[in-house]
Amino acid sequence: MTPALEFSGIEGGYEPGLPILRGAGARVMPGEIVTLLGPNGAGKSTLVKAAAGLVPVWAGRVTLGGRDITGMPAHRMVHEGLGFVPQTENVFANLSVLDNLKLAAALVAKRRRRELAEMFALFPDLDRQRGLAAGRLSGGQRQMLAVARALVASPSVLMLDEPSAGLSPKLVGVVFDRLRAVRDAGVPILLVEQNVKAALALADRAVVLVEGRERLEGAAREVAADPRLKALYFGAHEEAA
Amino acid sequence: MLQLVADGLVVGSVIALGAVGLTLTYSILRFANFGQGEFMTWGAYLAVSALALVLAVTGAGVMEPLGPFSFGWQLIPAMALAAVLTAAIALAVDWALFRRLRRQGNAITLVIASFGAALALRNLVQFLYGTLPEYYTREIQIAIRLVPRDVLGGLRITPDQMLVIGLSLLLVVALHVMLARTTLGRAMRATAMNPALARVAGVDVDGVVRATWVIGAMLAAVAGVMAGVVGQVRPMLGFDLLLPLFAAAILGGIGSVWGAVLGGYIVGLAESFSVPLFGAEYRAATAFLVLIGILLLRPTGIFGERA
Amino acid sequence: MELIPALSYLAFFLVFAGIFAVMALGLNLQWGFTGLFNVGVAGFVAVGAYASALLTGPPEPDRLGGFGLPVLVGWIGAMVASGIAAFIVGVAALRLREDYLAITTFGIAVVIQLVALNAQAITGGPFGIQSIPKPFADALGAGLAWNLTYLGLVVLVLGVAWWALDRLVASPWGRVLRAIREDELAAASLGKRAAAFRLQSFVLGCMLMGLGGALYAHFVGYIAPEDFLPVLTFQVWAMLIVGGSGRNAGAVLGAVLVWAIWSVSGGLIRGLLPAAEQARGAALQVVLIGVLIAAILVLRPRGVLGERATVSRHAAGD
Ligand SMILES: Nc1ncnc2c1ncn2[C@@H]1O[C@H](COP(=O)(O)OP(=O)(O)OP(=O)(O)O)[C@@H](O)[C@H]1O
Ligand SMILES: [Mg+2]
């Protein structure tokens, strides 16, 4: 089966000569949620940003459903079916909820455009706040809007960078519950998370990234039970290798 | 008294229109474009040439005044043509200069570059057209007395001046609707807020940048023509308006269209009222006082959110 | 080829290059070392020129001054006056985003130009100020000897300014300045003190520009508003960009190079164009130099000498 999304040997970074990603790889198969874990500064955000076209990729390949999209302008990737929700500032604060969604919908071809009503059905909270500037939403509503904004372009894969950041445990539950629904509706997800326990409970598989390379990969349940996971997080990765 | 208000509103309308273009380019292209005034100058001069062309093509020779106005219908296509050509100049400068500097990633280099480009554009006008003022028409207009002299000093205004006020409002409303209701408008607002997010949401940011240049330059060109209609077309037309433009845009809050309009009126009125107080020769310093005042008191402007 | 006129012209050329170099050093302190964007160079130069002219000139019945003070007092006064103007602008604009400083300095230059043009009782209006004393001219006359003497003075001033700036940049003060420029975190952690450092650098830079104005006034002997148009600001910027900012040597080399290009192209236009077309030719000259600067910005952003980027890092966009 062709992976929905695959990174192989990605090298890249913000400034020439200062690599953040050193050969990182990961794959997401159709129908699964893969969580990308790793300590702070491991390069998780950089990896998904590089895949989305926001950080230069110096070497390696990104394929979407088997097609090579490496180095494609970010906005074209959206048309190709890549959905991305960044870690911070992931909604247009000066636009209303409705305008956030209308814009995202209008930018893709008609066949990809989903009905706004579908989004409001998935996220009823947003329905009540249509006219509100997105900057005024609560943290949880903002994450929902960010996800809805990506979904309205019916991506074939969704990459999310720490959607649980700053949310109460209860809200994390709600957001993750929505993500499960998204996956069940047929959109595979790559989920960057700090919230290891919740992420492993949700995900089908997990990849652990340390210093720009994947160091551990497997079924979420196995990774959760693997003693190396803790070691990787606490910087003892030399022994873990 | 009333007369000062009217004069201020006429000047303020020209400033407002220029400032709207400035605030738009400022918030989306993310630099203070010192060339915005020169787009006004170029627009005004290109309209002089375009008018000659239209008159030659239609074989009219001289312009018959249109209704109560001092100019004929020929100025309308001439203005449209000038606006299109000004937009082309803006795109060309962006292509040759700003695009490359944006890639180098230094926002403030763009400001220096725009300062140099402004000087070059201004001197190119002087080289091509000379320094003597030009007029669209030599027709003398009779001012209409709207308010008799015994009420607050009375008020006289020419049809041309009324047109300037009306047309600038009309264009601003059109721009507002475009920004609020169309995909391009939403994409522009989104790019102003967060260009990286705009890209991953599917916005072709390069396209938005081009659209912004086109809109900003066309607004400037129309403002320049209007300044020429109620005054004269001079090489320094835009340069002299640059400080008022910046003052109005900052006063309104960078990125805010209505803020720029209000800022334009305020600066225009302040200039108008400064004349009896400090004399006409210091009129141009008023915008600076407004600017310093707003920077000291509320640097984000009236409607501004971003610092 | 006659030697004396050629030498005399060379001295004349070098005096101007030296005066521009003093201004470019001031701009380099602001831009190259601190990342401050000053678009009002011409204004601060004008303040210095007028201040020194008023302080040292002979009394005039229908104008303030002159006070007939020694030239040295005029030069110091020029620096003080420009420093005060810079302080006022800096306080208003320096704590805000950096491009607001650009706009505000642009504004002050416009206002200074207006005052120069209209405040007849102080500045002499459009006719400016005549008979500004030329130091040692009584003893040396107006020929080559005086040109060379003044060149010596300018070189001395330039040398002192260069030396002082070098010392300053190497001092703890300079290191803090660099830290502020290179590292936003450092700047943020210094908070209010970072703003004070920026203000000091801005004022010092403008004082050098004022001194440059005074040097100009006493060399030419008369000044008028049209000596301080925005094109002057542009020239000084061109010098810094061509030479490469961030190094004093770059500023000085740029001053010589750009002034040479400017003089030669001006001479060509005067030689080639009929009298009636001279004004248009001058306009074309500015266009060509503008294009040159743009090309250097795009193609050689570090200048001909510069190792460092023309633009300080903290100015980089998000
Ligand atoms: N815009 C940037 N410019 C330069 N370096 C950056 C930038 N963003 C991140 N970095 C650097 O890249 C490295 C990896 O950062 P990244 O944000 O990818 O980590 P992360 O794994 O997402 O961490 P976290 O869990 O804290 O979000 C860090 O060393 C960071 O300092
Ligand atoms: Mg991250």
Side-chain angles (χ1 to χ4, degrees), chain B residues 26 30-32 34 93 96-97 99-102 104-113 115-131 194-196 235 239-240 242-243 246-247 249-250 254 279 281-285 287-289 291-293 295-296 299-300 306-307, chain C residues 31 35-37 39 88-89 91-93 95-100 102-104 106-111 113-115 117-119 230-231 233-234 237-238 240-241 279-295 297-299 301 309-318:
Chain B
Y26 204 150
R30 292 168 181 263
F31 75 97
F34 278 80
V93 174
L97 187 60
R99 185 182 56 112
R100 291 160 209 260
L101 295 174
R102 262 199 305 278
Q104 288 172 11
N106 286 309
I108 202 85
T109 321
L110 290 162
V111 183
I112 309 180
F115 189 73
L119 206 76
L121 284 173
R122 181 160 70 247
N123 280 279
L124 196 57
V125 161
Q126 251 180 57
F127 175 71
L128 294 174
Y129 290 91
T131 48
N194 186 341
F239 178 84
D240 289 342
L242 192 56
L243 194 54
F246 274 123
I250 293 176
I254 297 297
E281 42 316 349
Y282 288 109
R283 179 184 181 125
F288 184 70
L289 289 185
L291 178 71
I292 291 283
L295 288 185
L296 287 175
T300 53
R306 285 190 304 157
Chain C
W31 174 245
L36 302 176
F37 189 50
V39 195
I88 294 169
V89 173
V91 165
R95 51 198 184 96
L96 306 170
R97 36 195 273 188
E98 53 206 350
D99 38 7
Y100 281 10
I103 297 165
T104 316
F106 172 77
I108 192 84
V110 168
V111 172
Q113 177 69 214
L114 273 184
V115 171
L117 210 51
N118 294 306
V231 69
T233 299
F234 179 68
W237 266 103
L240 192 60
I241 289 168
R280 296 176 73 181
L284 190 61
Q285 184 189 9
V286 179
V287 176
L288 294 179
I289 305 268
V291 171
L292 172 81
I293 299 313
L297 271 179
V298 169
L299 303 174
T310 302
V311 171
S312 54
R313 260 194 44 202
H314 99 286
D318 52 346

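In what follows, chains carry the letters A, B, and so on, assigned in the order in which the sequence lines appear, proteins first and then strands, with residues in each chain numbered from 1. All values below were derived from every heavy atom in this structure, side-chain atoms included, with hydrogens, water molecules and symmetry-related copies excluded. If you're wondering where the values come from, they're calculated on a predicted model, not measured in any experiment.
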Scored by heavy-atom pairs under 4.5 Å with chain B, the best of C:T104, C:V91, C:I88 is C:T104
Let's test your reading of the structure: which of C:G281, C:A279, C:A92, C:A93 forms the most heavy-atom pairs below 4.5 Å with chain B? C:A92
Can you label the angle between the B:F34 ring and the C:F106 ring as parallel, tilted or perpendicular, going by 30° and 60°? perpendicular
What class does the angle between the rings of B:Y26 and B:F246 fall in, given that below 30° is parallel, 30 to 60° is tilted and above 60° is perpendicular? perpendicular
Can you say whether B:L124 sits under 4.5 Å from chain C via the side chain, the backbone, both, or neither, judging by heavy atoms? both
Can you name the nearest heavy-atom pair linking B:A284 to B:L243, along with the distance? O-CD2, 4.4 Å
Determine the option with the most heavy-atom pairs under 4.5 angstrom with chain C, choosing from B:A120, B:A96, B:A32. B:A120
Given heavy-atom pairs under 4.5 angstrom as the criterion, report whether the side chain, backbone, both or neither of C:F234 touches chain B. both
Checking heavy atoms, do the side chain of B:L110, its backbone, both or neither come under 4.5 Å from chain C? neither
Contacts of type side chain to side chain contact (heavy atoms under 4.5 Å, CB included), residue C:L117, not counting sequence neighbours: C:P126, C:P225
Would you say the side chain of B:R30 lies within less than 4.5 Å of the side chain of B:P195, judging by non-hydrogen atoms? yes
Tell me, for C:A238 versus chain B, whether the close heavy atoms (under 4.5 Å) come from the side chain, the backbone, both or neither. neither
Does C:V298 have any side chain to side chain contact (heavy atoms under 4.5 Å, CB included) partners at least two apart in sequence or in another chain, and if so, which? B:L97, B:R100, B:L101
Name the region of C:L288, side chain, backbone, both or neither, that has any atom closer than 4.5 Å to a heavy atom of chain B. neither
